Every structure is written in structure tokens, then in C-alpha cells.
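So you know, we letter chains A, B, ... as the sequences are listed, proteins then strands, and number each from 1. Remember, it's a predicted structure, so these values are computed and weren't measured experimentally.
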2 protein chains.
Amino acid sequence: MTLNEGGGLQLKELSERTGVPPASIKFYLREGLLPAGQAITATRARYSPQHASRLELIQALRRVVGLNIAQIRKLLKLADDGVPRLELLAAVQRTVLRLDEVGTEHGDIRTPAGDAVVRLRNWPDAPSDARNALNAHVALMDSLNIPVTTELLDAYSKALDTIADLDIAATTAPDDVNRLIMTAAVGMHMHSQLVLKLLAFAQASHAIRRYEDA
Amino acid sequence: MTLNEGGGLQLKELSERTGVPPASIKFYLREGLLPAGQAITATRARYSPQHASRLELIQALRRVVGLNIAQIRKLLKLADDGVPRLELLAAVQRTVLRLDEVGTEHGDIRTPAGDAVVRLRNWPDAPSDARNALNAHVALMDSLNIPVTTELLDAYSKALDTIADLDIAATTAPDDVNRLIMTAAVGMHMHSQLVLKLLAFAQASHAIRRYEDA
DNA sequence: CACCATTGGATAGTGGTTCTATCCTATGAC
DNA sequence: GTCATAGGATAGAACCACTATCCAATGGTG
């Protein structure tokens with residue numbers, strides 16, 4: 001077999017190993033999610049193990065995290081452009097936690113909740129996507145007549161401060177970019193869902209208590 | 001105008017007041033989200049203010065909370081069947097917080113995280129959707145090799161305990177069923193999103209600190 | 001009494017998303 | 001020489017939430 005010189009995979013083999021149908025691989029190729037294989041001849045192409053791990057990343061981002069094609073493309077482009085890790089992780093956070101899906105088009109944000117939280121928690125006073133998202137979200141809640149008091153922000157942020165500390169401490173960063181994104185994205189998604197489920201559980205438990213007492 | 005005897009609205013008027021196109025109203029009628037109007041004659045129908053508030057509820061559930069038609073239909077059916085409020089609110093929580101969207105089909109759940117949390121927080125030891133969802137989610141994280149230690153659960157649940165207490169205390173329940181669901185669903189959604197945004201902000205802040213210190 | 005608007009019901013079409021399938025030609029492998 | 005495969009193009013499927021069109025019946029209006 002001259003084909004597999006150098007350990008390269010053909011499209012069909014790539015498909016078999018990852019369980020992704022050839023037609024889907026071609027689709028990802030077309031959409032620019034998966035870089036073209038090395039055209040070894042005009043009708044043969046060779047895919048590297050990086051292609052396999054990229055494909056697994058795409059699958060995880062689609063099936064587990066639930067991102068759409070456009071979001072995945074943006075993230076992968078950043079990775080391929082070799083942006084600094086911190087920037088890459090910020091983009092992963094923004095995408096995975098849907099930080100840019102708020103109606104930020106409300107013009108100026110009149111609810112500087114971020115400022116309040118920064119003071120309350122003594123966090124560094126730096127701009128961030130998360131801070132903007134928070135401001136926009138609080139503004140949205142205001143417009144829906146759902147009050148967000150400073151006391152609420154204090155209690156929430158105090159609680160989440162301890163969680164975030166744990167999260168960041170537990171973070172390990174793999175060297176391979178595909179794995180880095182995979183770990184970060186899946187981890188963030190899973191942890192945020194865990195928080196939501198625990199919150200639901202907590203609320204349900206408190207509701208039961210109130211109901212029993214009454 | 002004999003039509004508006006009794007203050008009823010015609011479909012077109014209903015449309016004009018709520019801003020929902022007539023074709024969409026017909027669609028909701030077909031899908032069983034909106035009960036049929038009172039057929040005052042064979043070709044005239046009259047819609048009550050309840051129809052308007054129901055329509056507004058549907059809009060909020062779709063546009064703000066992001067539920068799909070099937071989910072909305074289930075919720076409204078419960079309301080129309082007159083199930084007890086606590087049960088209704090549990091269903092709202094399950095739907096809004098996507099408690100049933102985990103792969104609970106994994107057979108038996110081998111990670112009784114709920115038990116641990118119940119002990120740690122001294123919560124009532126009662127079954128709930130939230131508890132099941134938590135168990136399923138922790139099992140999923142286990143299967144993805146994302147460790148969920150008791151220490152993590154302790155810190156998370158402790159933090160969320162205080163938040164849930166605030167949330168439940170702040171809850172007011174309107175009498176009108178449509179408004180009840182609207183308030184509960186929008187409130188839960190907004191608060192959960194607030195938690196997520198604050199968590200993201202907290203993580204970003206901690207990351208900055210670490211980065212600066214290093 | 002003629003006509004216009006409106007109703008419920010049926011049916012079909014739209015636009016977006018993510019694939020999945022088919023067809024094609026070129027060409028390397030055996 | 002025959003077969004499998006590559007890339008490219010194109011089309012179709014399935015799902016979702018509408019949106020539009022057509023229809024016959026009929027009430028209200030002038």
C-alpha cells in the first residue's frame with residue numbers, strides 16, 4: 001500500500017475511525033471547519049491524526065456543547081491563526097456561555113452592574129466580554145421589570161466568587177490546540193450546566209421547605 | 001357594531017393589539033396553544049382578554065425564554081387542566097431550566113450526587129426533577145472524565161443555597177394563570193442567565209488575577 | 001339585496017440549518 | 001483494464017416556526 005506512506009489516513013479511513021460519515025466530512029471540508037488534506041495526488045488525499053482530533057473537536061462542539069457551524073468556524077479560525085491562549089480561551093468562554101447572545105443593541109447600557117460587582121468583590125476593574133454581557137443582561141432584566149438589587153448582586157457574586165476560584169484552580173491546559181479547546185469548551189459547558197442544575201435543586205429544596213412549613 | 005357586544009375581540013383586533021400577525025395566531029390556534037374563540041356565529045369569533053394574555057405568554061415563552069412549540073403546549077395544557085400550582089411551577093422549572101434535556105437514558109444512575117448534596121446542605125430528602133437532572137448530569141460528567149468531587153459539590157451547593165433562598169423569598173405569585181407562568185418562566189430564565197453571566201465574570205476576573213500574578 | 005370583510009379550515013410555501021445523497025470526471029493501485 | 005477513491009458540484013431530506021394563499025360560508029353595511 002503506497003497510500004498509507006507516512007501514516008496518513010484517507011477520507012474513508014478517517015470516517016471509519018471517527019464514526020463520522022464521509023458525506024459529513026466533506027460537508028465540514030466545504031464549510032471550512034476541517035482543513036483540506038494533503039493532496040498527495042490529484043485523486044488521493046492524506047489526512048493526519050490532527051484531522052482526526054479536529055473532527056472529534058467538531059463533534060464535541062456540535063453534539064455536546066451545542067454550537068452551530070458558524071460559531072465553531074470562528075473558534076477554529078482563531079486557533080488556526082495562532083492567537084494567544086488567553087484570547088482563545090476568552091473566545092471559547094464567550095461562545096460556550098453565549099455571552100454575545102444578549103440584546104446588546106440597546107444602545108448605551110445604563111445599568112453598570114459590573115461596576116457594582118467589581119467594588120463589592122474587589123475584582124480587577126478591567127473590561128471583559130463577561131462584564132459587558134452582565135451589564136447588558138441586567139439592563140434587559142430592568143426593562144422587563146425584574147429588579148436586580150445591589151443586595152442580590154452581592155449575594156450572587158459572593159457565591160459565584162468561590163465557585164469560580166475552584167474552577168480556575170482546577171483548569172489544566174493541554175498543549176494540542178484541538179484538545180485545549182475541547183477541554184475548555186466541554187468543561188465550561190458542563191460546569192455551567194452543573195451550576196444550573198444545582199441551582200434548580202436548591203430552589204426546589206427551598207420551595208419544599210417553605211411549603212412544608214406553611 | 002353588533003360584533004363587539006360584550007367586549008369581545010375579533011381575530012384581527014386581537015392581532016392588532018398584540019402585534020402578532022393573524023397568520024401566526026391561526027397557527028397557534030391550529031397547534032392548540034391558543035384555545036378557540038367563542039364562535040358567535042358561523043363566521044365570526046370572539047376572543048377574550050384571556051386570549052390576549054395567553055398570546056402574550058406564548059410570545060414571551062418563545063422569544064424571551066426560547067421554548068419551542070411542543071414545550072409551550074405541554075405547559076399550557078397543565079395550566080388548562082388546572083393542576084396544582086406547585087406542580088405547575090415544577091413543570092415550568094423543568095422546562096425553562098431544561099432539566100429533562102440530559103441523556104437520562106443511561107440506564108441506572110450510578111452517581112448519587114443528589115444524596116451527597118442533600119447530606120451536605122441538610123436539604124429535605126425528597127425526589128425531584130432537579131435532583132434527577134443533577135444525578136444524570138454528574139453521571140454524564142463522569143463519563144466524560146470531568147471529575148466532580150464532593151468538595152466541589154459542597155462549595156457549589158453552599159454558594160447556590162444562599163442564592164436559591166433569595167430567589168424563593170423574592171417570588172410573588174399572580175392570580176391569573178397566564179401571568180403566573182409568565183412571571184415564573186421569565187424570572188427563572190433571567191435569573192439563571194444572570195447566574196451564568198456572573199459566573200463568567202467571576203471566572204474572567206479570577207483568570208486575570210492569576211495571569212497578572214504569574 | 002348586493003357586496004365587502006372576516007371566519008375557520010385546508011394546504012402549500014418560505015427561510016434557515018445541518019446534514020446526506022447522487023453524479024461527475026480524473027486518476028492511482030493492483 | 002478495472003476498481004475504488006478523490007474532489008467538486010448540486011440536489012434533496014428533515015426539522016422548525018412561521019407565512020401566505022385559497023376556499024366556501026356568512027354576517028353586517030349601504
Subject >> Check: B:I181 and B:L88 side chains under 4.5 Å, non-hydrogen atoms >> reply: yes
Subject >> Between D:dA17 (P) and B:L33 (CG): distance, integer Å >> reply: 10 Å
Under 3.5 Å, which protein N or O atoms sit close to an N or O of nucleotides 3-6 of chain D? Give each pair with its distance.
from: D:dA4; atom 1: N3; to: A:R44; atom 2: NH2; distance (Å): 3.3
from: D:dT5; atom 1: OP1; to: A:K12; atom 2: NZ; distance (Å): 3.4
from: D:dT5; atom 1: OP2; to: A:K12; atom 2: NZ; distance (Å): 2.9
from: D:dT5; atom 1: O3'; to: A:Q10; atom 2: NE2; distance (Å): 2.9
from: D:dA6; atom 1: OP1; to: A:Q10; atom 2: NE2; distance (Å): 3.3
from: D:dA6; atom 1: OP1; to: A:L11; atom 2: N; distance (Å): 2.8
from: D:dA6; atom 1: O4'; to: A:T43; atom 2: O; distance (Å): 2.1

Distance-only donor-acceptor pairs under 3.5 Å for side chains of residues 30-42 of chain A, two or more places apart:
from: A:E31; atom 1: OE1; to: A:R73; atom 2: NH1; distance (Å): 3.1
from: A:T41; atom 1: OG1; to: A:T43; atom 2: N; distance (Å): 3.1
from: A:T41; atom 1: OG1; to: A:R44; atom 2: N; distance (Å): 3.0

**OP:** Could you state the atom-to-atom distance from CZ of B:R46 to P of D:dG27 in whole Å?
**Re:** 14 Å
Original post:
Looking at residues at least two apart in the chain, or sitting in another chain, which of them share a side-chain hydrogen bond (donor to acceptor under 3.5 Å, both in side chains) with A:H51?
Top reply: A:S48
Subject >> Pairwise 5' ranking along DNA chain C for A:R63 and B:A36, keeping only the more 5' one >> reply: B:A36
Subject >> Test salt bridge (Lys or Arg N to Asp or Glu O under 4.0 Å) applied to A:D175 - qualifying residues, sequence neighbours left out >> reply: none
**OP:** Round to the nearest Å and state the distance from B:L67 atom CG to D:dC16 atom C1'.
**Re:** 14 Å
Subject >> Distance, nearest 0.5 Å, that separates CG of B:N132 from NZ of A:K197 >> reply: 12.0 Å
Original post:
Below 3.5 Å, does any donor atom in the side chain of B:R30 face an acceptor in the base of D:dT19, or the other way round?
Top reply: yes
**OP:** Write out all pairs satisfying side chain to side chain donor-acceptor pair (under 3.5 Å) with one or both partners inside residues 199-208 of chain B, taking only residues at least two apart or from two chains.
**Re:** A:D161-B:H206, A:D165-B:H206, A:D167-B:Q203
Original post:
Within this structure, what is the CG-to-P distance between A:L34 and D:dG7, rounded to whole angstrom?
Top reply: 10 Å
**OP:** Mind checking A:I69 for me? I need base, sugar-phosphate or nothing, with any heavy atom below 4.0 Å counting as a touch.
**Re:** sugar-phosphate
Original post:
What residue pairs, at least two apart or across chains, pass side chain to side chain donor-acceptor pair (under 3.5 Å) with a residue in residues 176-188 of chain B?
Top reply: B:S53-B:N178, B:R54-B:N178
Original post:
Roughly how many Å is it from CD1 in B:I25 to P in D:dA17, rounded to a whole number?
Top reply: 18 Å
Original post:
Which comes earlier along DNA chain D counting from the 5' end, the contact point of B:T41 or that of B:N68, where each point is its nearest nucleotide?
Top reply: B:N68
Original post:
Rounded to the nearest Å, what distance is computed from the OH atom of residue B:Y28 to the P atom of nucleotide C:dG9?
Top reply: 19 Å
Subject >> Residues touching DNA chain C, which here means a heavy atom under 4.0 Å, drawn from residues 51-62 of chain B >> reply: none
**OP:** Using whole Å, report how far CD1 of B:I40 lies from C1' of D:dT26.
**Re:** 14 Å
**OP:** Find the distance B:E31:CD to D:dT19:P and express it as a whole number of Å.
**Re:** 14 Å
Donor-acceptor contacts under 3.5 Å from residues 57-69 of chain A side chains, at least two apart:
from: A:Q59; atom 1: NE2; to: A:Y28; atom 2: OH; distance (Å): 3.4
from: A:R62; atom 1: NH1; to: A:L67; atom 2: O; distance (Å): 2.7
from: A:N68; atom 1: OD1; to: A:A70; atom 2: N; distance (Å): 3.2
from: A:N68; atom 1: OD1; to: A:Q71; atom 2: N; distance (Å): 2.9

Subject >> Set of side-chain contact (heavy atoms from CB on, under 4.5 Å) partners for A:A202, sequence neighbours left out >> reply: B:W123, B:A164
